[in-house]
Amino acid sequence: MPALQVYSTLSRKKEPFPKKPGEQVTMYVCGPTVYKPSHVGHMVGPVVFDAVKRYLVYLGYSVKWLVNITDVDDKLIHRANEAKTTVKELAERMTADYFDCLKKLNVTGIDAFPKATEHIGDMITTIDGLIKKGFAYPAEGDVYFNVSKDDDYGKLCGFDPEALEAGSRIEVSGRKKNPGDFALWKKAKPGEPAWDSPWGQGRPGWHIECTSMAQRHLGDTIDIHGGGLDLRFPHHENELAQSESASGKPFARVWMHNGLLKMGSGKMAGSVGNVLNVADALKHVSGEALRFFILNTHYRSPIDLGEWDPRDPKSPTLPPGLENAKKAHEAFVRLSERFDRVTGKKFHEVAVPGRAEDGRKFLLPEFGEKYTRFREFMDDDFNTGGAVGVLFELITSLNRLADGAKLEDPAKADANGKAAFEEGTTLAKELGQILGLFFELPKADALGDDDKIVGGLMQLVIELRNNLRAEAKKITTKDDPAKKMLFGQTDIIRTRLTELGITLEDRPAGTTWRVG
RNA sequence: GGCCUCGUCGCCAAGUGGUAAGGCAACGGUUUGCAAAACCGUCAUUCCCCGGUUCGAAUCCGGGCGAGGCCUCCA
């Protein structure tokens, strides 16, 4: 197996991953400012890095992953004023929404969500240290970072500080010594949330929370720092500058930036008005299918939802990209259902290996080939798009196997074929889990008794319909009117159910039904 | 204006020097009482265009055209 390679924004090339399996990896990914409900774009980073963590754990690393919650800033303050509520209440409500979205997309790997407001003391300590070292200066209640004191400022983005100033449209505050200087601490305006500090009442600047929280929870040097490509500048550049100035050590061994979500030709943004909230998308597509959509593309590329305008009433319910992903994802779910029918076991209860193993032996060589190629894709800078392709190839060969060995028909099923199918499907589950795909549709929430009634009714309908089918099949004369009439009735049942959104599937071992 | 990406089948997408994965859609077939699902087959001699390097390029270099991102809050 080739060693894991990761692309770092800092060096602009793929590098060998700096740690060995068995060691601990620390990961910090910039999280949301919780002032609005999460849109689909907010989920890209969490899903991508959740897959990164799952794969690292699979390779034998122990991973500690933090995502910060920015619960105080200008946008929150404005929004809370608009909504006639407090910053605290708004932040708590939107944080809950964010957590709910993560859960629906199977993002379970985040170990902690430090909040900015809970680390004000740490930030003051960091800022104070920067002032004492001469990297920052107070000015009329504000504190600024002095970019001219930082020799390698601009190294993350490859920006020349001089050029930056020339092209800058930033309105230069009179308090700044250099146009590129940025606020570490902002003096409070009346009515704003504020904390006491050596420089008077105020609140932290945008970038400082990440420095203080990362250093407090993960140490001065973290292994992976992640975030959206749009955060590269100024946020990560500034975060990097202040962190390394404060500690005197490298801040992150690898910088990973995920591509942004596009809607057809342009980016998805609140200012364009073409945002798709996660909650709205989930009305029409499962969280797992949405996750699949994100992981189907390499994380550094932009992800395209396709041409779609939520403001146009003639638009379909989902953007083309999600519609496509939804259909494609069904192949995974059907495989798990087929596994249940064919083996009599529950796919979702089958145990799978949780650790990588070189030189694995399988009943069929092609399983080994899929396993190897899946890992090669993941080793190559977490190429989930390629890995998903391998998963589809595996599914096709498993279905071919099940068809060939007649596994759906208990009377004709081939035992060797069944054993191979079981092993291969278990492998598919193992690989799917690495991506956080469990091959399932969301369970209906709190249907309870209604669920049982629907299930019972469907059994009844299927039984009655199969009685009619059996009678019809007894009549061997081809054009017998009675036969036609009986099949006509069975087809009416199926057609009407289809119109209700229920699909019947007649199989050798019996009839199954599903919604959709 | 400066910095940086990207342009692969109708759509999405992997592939970054060795002769084009995969998904969706479409068409033909097998299976089925008919369907659904599944399977088989067809579907890019070609990777925006023009040059160059090389035995060999979608992959490297130069130029052109087109799209996007960042430089201001943004995952």
Side-chain angles (χ1 to χ4, degrees), chain A residues 12 29-33 35 38-48 67 73-75 78 154 157-160 163-171 206 226-235 237 257-262 265-271 292-293 296-298 300-307 320-321 323-331 334-335 337-338 373 377 380 383-393 395-404 408 469 472-473 475 478 483-484 486-488 490-491 494-495 498 503-508 511-514:
Chain A
R12 294 195 200 177
V29 176
C30 289
T33 300
Y35 73 111
S38 298
H39 65 248
V40 179
H42 290 125
M43 293 294 110
V44 176
V47 165
V48 163
V67 170
D73 95 328
D74 290 342
K75 292 193 295 295
H78 292 150
C157 303
F159 281 166
D160 174 3
L164 201 63
E165 291 169 25
S168 177
R169 298 191 313 225
I170 308 166
E171 201 176 321
W206 176 25
L229 202 50
D230 53 345
L231 292 181
R232 226 161 51 110
F233 192 90
H235 184 237
E237 191 70 62
H257 291 275
N258 61 273
L260 304 179
L261 192 70
K262 290 187 356 173
S265 50
K267 75 164 178 175
M268 187 162 98
S271 51
F292 163 78
F293 167 74
N296 194 212
T297 302
H298 184 96
R300 279 191 281 122
S301 304
I303 308 181
D304 195 358
L305 282 165
E307 292 295 346
E323 196 59 58
N324 186 320
K326 185 180 173 179
K327 285 178 188 161
H329 175 74
E330 284 172 8
R334 295 219 180 86
L335 179 74
E337 290 169 353
R338 190 168 204 181
R373 277 209 298 134
F377 274 120
D380 183 11
N383 188 345
T384 56
V388 163
V390 175
L391 219 38
F392 273 111
E393 291 175 25
I395 287 172
T396 300
S397 49
L398 287 167
N399 277 322
R400 185 192 304 127
L401 181 64
D403 281 4
E408 294 277 3
R469 288 177 70 214
K473 284 179 186 176
I475 303 169
K478 207 175 174 212
K483 186 184 177 93
K484 278 189 171 176
L486 287 166
F487 273 131
T490 68
D491 290 344
R494 191 175 54 201
T495 308
T498 304
T503 307
L504 288 189
E505 300 180 342
D506 296 321
R507 303 177 189 285
T511 302
T512 58
W513 67 278
R514 60 183 163 82

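Chain identifiers are assigned alphabetically (A, B, ...) following the order of the sequence lines, protein sequences preceding nucleic acid strands; residue numbering begins at 1 within each chain.
Looking at heavy-atom distances under 4.0 Å, T490(A) makes contact with a base. Among the atoms of the strands shown, only primed sugar atoms or phosphate atoms (P, OP1, OP2) are found under 4.0 Å from some heavy atom of H298(A). Nucleic acid contact for L391(A): none, since no nucleic acid atom lies under 4.0 Å from a heavy atom of the residue. E393(A) comes within 4.0 angstrom of sugar-phosphate atoms only, judged by non-hydrogen atoms across all strands, and of no base. Residue contacts for G404(A): at a heavy-atom cut-off of 4.0 Å it reaches no nucleic acid atom on any strand shown. Using a 4.0 Å heavy-atom distance criterion, A328(A) is classed as a sugar-phosphate-only contact. Residue L231(A) is classed as a sugar-phosphate contact, given heavy-atom separations below 4.0 Å to backbone atoms only. Counting any heavy atom pair closer than 4.0 Å across all strands shown, G45(A) reaches no nucleic acid atom. Here N399(A) lies in heavy-atom contact (under 4.0 Å) with sugar-phosphate atoms only. Within the nucleic acid shown, R469(A) comes within 4.0 Å of at least one base atom, counting heavy atoms only. Counting non-hydrogen atoms under 4.0 angstrom, P32(A) reaches the backbone sugars and phosphates but no base.
Between R338(A) and D403(A) a salt bridge is recorded (basic side-chain N to carboxylate O distance below 4.0 Å). A salt bridge does not link E337(A) with R514(A): every distance from a Lys NZ or Arg NE/NH1/NH2 to an Asp or Glu carboxylate oxygen is 4.0 Å or more.
Comparing K473(A) and V44(A) against RNA chain B, the residue whose closest nucleotide sits nearer the 5' end is K473(A). Each of N258(A) and E505(A) was matched to the nucleotide of RNA chain B holding its nearest heavy atom; the match closer to the 5' end belongs to E505(A).
Side-chain atoms of R494(A) come within donor-acceptor range of the base of C34(B), with a qualifying N/O pair under 3.5 Å. Counting distance only, with no hydrogens placed and no angle test, the side-chain atoms of D304(A) and the base atoms of C11(B) include no donor-acceptor pair under 3.5 Å. With hydrogens and angles ignored, no donor-acceptor pair closer than 3.5 Å exists between the side chain of N383(A) and the base of G15(B).
By the criterion of a centre-to-centre distance under 5.5 Å and near-parallel planes under 30°, the ring of F392(A) forms no stack with the base of G23(B).
Between C11(B) and N324(A), no contact under 4.0 Å exists linking OP1 or OP2 to a side-chain N or O. Residue R232(A) places none of its side-chain N or O atoms closer than 4.0 Å to OP1 or OP2 of C4(B). Within the structure, every side-chain polar atom (N or O) of N296(A) is placed at least 4.0 Å from both OP1 and OP2 of G22(B).
Between C70(B), A25(B), A36(B), one nucleotide has an atom nearer to the side chain of R507(A) than all others, and that is A36(B).
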